[in-house]
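Remarks on the structure that follows.
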2 protein chains.
Amino acid sequence: MTVKERRLREKAELRQEILDAARELFVREGYENFSMRKLAEKIEYSPTTIYLYFKDKADLLFNLCEETFSKLVQQLETIASLATDPLDGLRAGMLAYVEFGVKHPANYLVTFVLPHPIGTPDSERYLCPTGMGLRAFDCLRQAVAECVRAGKFRSLDLEKASQAIWAVLHGVTSLLVVHPDFPWVDRNDLVDQVIETTIEGLKA
Amino acid sequence: MTVKERRLREKAELRQEILDAARELFVREGYENFSMRKLAEKIEYSPTTIYLYFKDKADLLFNLCEETFSKLVQQLETIASLATDPLDGLRAGMLAYVEFGVKHPANYLVTFVLPHPIGTPDSERYLCPTGMGLRAFDCLRQAVAECVRAGKFRSLDLEKASQAIWAVLHGVTSLLVVHPDFPWVDRNDLVDQVIETTIEGLKA
DNA sequence: CTGATATACTTAACATCGTTATGCGAATGC
DNA sequence: GCATTCGCATAACGATGTTAAGTATATCAG
């Protein structure tokens with residue numbers, strides 16, 4: 001059976017090669033200049049070959065983002081584990097989220113900003129069920145819970161508060177990513193203002 | 001000169017007809033299924049005719065959104081004029097913004113969510129210089145200023161606080177619009193949580 | 001070793017998109 | 001009445017995502 005294993009391994013290798021090339025192209029050319037055909041040219045295969053490894057463009061990008069966001073989750077989870085004060089932990093996590101989005105704009109765009117064609121089975125796949133997005137959100141929920149338990153926050157509907165915080169973070173992040181030319185005040189100041197205002201608004 | 005006037009009027013009429021048809025198609029089919037060719041078919045003209053009235057697709061959509069957002073500005077300005085308590089005025093304005101976005105998802109998408117091709121002269125045209133977006137933002141800034149002046153809010157960097165509030169509002173709105181299938185808590189509760197948290201966080 | 005089958009990939013094509021160059025007929029101005 | 005301008009259309013270009021059909025090559029059974 002060693003032959004079958006080799007085949008599988010080779011298939012997995014090409015798949016990863018495609019993903020790597022896609023990421024390269026994607027962050028370099030930006031979202032709107034990414035195309036399956038350019039990707040095919042880059043890896044020196046026919047465009048149709050990609051479809052032997054990914055269902056379609058959306059599937060490819062989805063897998064790409066899962067990879068990227070696993071890094072975010074990793075960051076968030078280490079932050080959570082290292083935090084002594086629950087409030088500081090939450091704050092650090094919030095900051096990490098925004099900075100991650102600003103640092104990987106193209107990736108942030110696909111997973112959170114761009115409207116995925118609705119009505120298709122795809123809409124389910126994003127954000128919701130399994131995946132890194134869920135784990136990231138769990139980090140947030142847990143951080144909020146600890147703030148409540150420590151008496152730093154008033155008694156809150158955990159889910160509601162967590163979603164609200166996420167919304168707030170997504171607001172700054174997406175605006176900065178999508179409209180970088182808007183006459184923003186200093187970026188760090190703005191992010192800080194948003195985070196501190198939100199935290200202040202949730203305190204006991 | 002009455003003949004020239006008629007020509008001009010006819011030209012303006014067709015232009016408006018195009019805009020109306022575009023809006024219809026746009027909100028019915030959604031953003032991603034809107035195309036110049038479908039629009040052309042709908043108005044029963046050749047696709048190229050549209051380009052005699054609008055520079056390109058982005059220009060068309062921009063004008064569409066200006067129309068739509070003038071309604072938002074109108075709402076915001078009446079709210080501002082009617083408000084007795086500055087805090088209530090701000091609150092009402094914030095709520096109106098979110099509800100407007102949720103009610104006109106397609107329009108909200110083009111103006112605020114979708115990344116406009118950067119590097120082009122277009123990027124300047126959006127949000128920034130003239131236009132309804134600016135007027136809407138002025139409403140916000142003024143409302144914040146009044147809250148500060150009335151002593152409801154602590155002393156704030158007006159611009160920074162206003163941008164933060166906008167970011168927060170955009171966060172909820174865009175998430176609700178882009179990811180309607182996410183297992184949100186009750187929509188009104190979420191919006192309320194975001195708004196109240198933010199207001200609370202800015203108080204004196 | 002030979003013939004059948006499955007595998008990996010390509011070529012060609014379809015439908016659609018935004019946009020431009022060219023052309024044509026009719027209304028306008030002199 | 002003639003030249004011109006104006007409004008619009010036809011045709012085309014280049015690009016997109018995606019599918020159908022085909023072609024080698026590698027694997028496997030006898």
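Here is how names work: the chains are called A, B, and so on, in the same order as the sequence lines, proteins then strands, and each is numbered from 1. This is a predicted model, so every value here is computed, not measured.
- With no hydrogens or angles considered, no side-chain donor-acceptor pair links E77(A) and Q142(A) at under 3.5 Å.
- Among the nucleotides dT19(C), dT18(D), dC17(C), the one closest to the side chain of S35(B) is dC17(C).
- The separation between L61(A) atom CG and dG17(D) atom C1' is 12 Å, rounded to whole Å.
- Looking at heavy-atom distances under 4.0 Å, Y45(A) makes contact with sugar-phosphate atoms alone, never a base.
- For R37(B), the side-chain atoms get nearest to dC17(C) when compared with the rest of dC17(C), dC8(D), dT10(C).
- With hydrogens and angles left out, the side-chain atoms of Y31(B) and Y108(B) include no donor and acceptor closer than 3.5 Å.
- The side chain of T48(B) lies closest to dT20(C) when the candidates are dG17(D), dT20(C), dC8(D).
- If you take CE of M36(B) and P of dT16(D), they are 19 Å apart, rounded to a whole angstrom.
- The separation between E44(A) atom CD and dA8(C) atom P is 20 Å, rounded to whole Å.
- Atom pair K38(A):NZ and dA15(D):P shows a separation of 9 Å (rounding to whole Å applied).
- Under the 3.5 Å distance criterion, the side-chain polar atoms of H104(A) are matched with a main-chain donor or acceptor of F100(A).
- In this structure, the OH atom of Y51(B) is 7 Å from the P atom of dT20(C), given to the nearest Å.
- Candidate nucleotides dG18(C), dT19(D), dT10(D) were compared by shortest atom distance to the side chain of S46(B), and dT10(D) ranks first.
- In this structure, the CG atom of D59(B) is 10 Å from the P atom of dT19(C), given to the nearest Å.
- Regarding L52(A), its CG atom lies at a distance of 16 Å from the P atom of dA21(D), rounded to whole Å.
- The residue L14(B) sits close only to the backbone: its heavy atoms come under 4.0 Å of sugar-phosphate atoms, none of a base.
- Distance E32(B) CD to dT16(C) C1': 15 Å, rounded to the nearest Å.
- A salt bridge is absent between E146(A) and K152(A): the closest approach of a Lys/Arg side-chain nitrogen to an acidic carboxylate oxygen does not fall below 4.0 angstrom.
- Using a 4.0 Å cut-off between a side-chain N of Lys or Arg and a carboxylate O of Asp or Glu, E41(A) and K38(A) do not qualify as a salt bridge.
- The listed nucleotides are dC9(C), dC17(C), dC8(D); the one nearest the side chain of Y53(B) is dC8(D).
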